[in-house]
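To start, the structure itself, in structure tokens.
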Amino acid sequence: MPSSSGTRGFDGGKLVNGRKRHVVVDTLGLLLGVMVTAADVGDRAAAHILLEQVAAAHHRLALVWADGGYTGSLIEHGLAAFALVLAIVKRSDNMKGFVVLPKRWIVERLFAHLMRSRRLARDFERRIASAEAMIYWSMAALMTRCLARPHRGRG
């Protein structure tokens, strides 16, 4: 069995040890793309690859909201290579404590839903592909629960 040490790292900025999950969701919070990387891989480097995958799969995608970690040359790259407008949702410097940021809560809600899956609460996977597959599997379970739930006003 291959070692998982090459797929793990430490990000000094976020103080994350292990792996990071990068996701793209639509405005409803449904998963469009996911990429799991070692924690020492930069957010912008991972976003270059993830945006390429998502733009190829979803041709009508035109606007992407992102947090402050995805600034820099990624904005120009997204516009030039994929015709995607990358809008950065920034946190104001005068905000203290927890503040809900517009559009950012959609991604945070997805991560909260994913953390309800025991398999995703800790990083048990040896391979990055398995970790990504578990995220897709958890999202499929979440979507089927939403579809199976009885809705008021139906029937």
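Summarising the local packing, CE of Met115 is surrounded by more than 12 heavy atoms from other residues, nucleotides or ligands at distances under 6.0 Å.
By the 4.5 Å heavy-atom criterion applied to side chains, Trp105 and Leu110 are not counted as neighbours. At a threshold of 4.5 Å between non-hydrogen side-chain atoms, the residues Glu125 and Thr7 do not count as touching. Annotation: side chain of Leu30 is in contact with side chain of Met139 (closest heavy-atom distance under 4.5 Å).
A salt bridge links Asp43 and Lys20; the closest N-O separation between the charged side-chain nitrogens and carboxylate oxygens is under 4.0 Å. A salt bridge does not link Glu132 to Arg21: none of the charged side-chain nitrogens sits closer than 4.0 Å to a carboxylate oxygen.
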Is there a side-chain hydrogen bond (donor to acceptor under 3.5 Å, both in side chains) between Thr37 and Arg19 once you walk through the steps?
CA-CA 6 Å; Thr37 63; Arg19 295 182 179 140; over 6 Å; no
Walk me through whether Leu114 and Ile135 qualify under side chain to side chain contact (heavy atoms under 4.5 Å, CB included).
CA-CA 7 Å; Leu114 292 178; Ile135 293 172; 3.9 Å; yes
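In terms of hydrophobic clustering, with Ile, Leu, Val, Met, Phe, Trp and Tyr side chains grouped at heavy-atom distances under 4.5 Å, Trp137 and Phe124 are assigned to different clusters. Leu31 and Leu120 end up in the same hydrophobic cluster when Ile, Leu, Val, Met, Phe, Trp and Tyr side chains are linked at under 4.5 Å. A single hydrophobic cluster is seen to contain both Leu142 and Leu28, as judged by linkage of ILVMFWY side chains at heavy-atom distances under 4.5 Å, directly or through other members. Placement of Leu61 and Phe82 within a single hydrophobic cluster is found when ILVMFWY residues are connected by side-chain heavy-atom separations under 4.5 Å, directly or transitively.
Thr27 contributes atom OG1, which lies 6.0 Å from atom CD1 of Ile106 (distance to the nearest 0.5 angstrom). The distance from the CZ atom of Arg44 to the CD1 atom of Ile75 is 9.0 Å, given to the nearest 0.5 Å.
When the ring-ring contact (aromatic ring centres under 6.0 Å, His included) test is applied to Tyr70, no partner is found at least two apart in sequence or on another chain.
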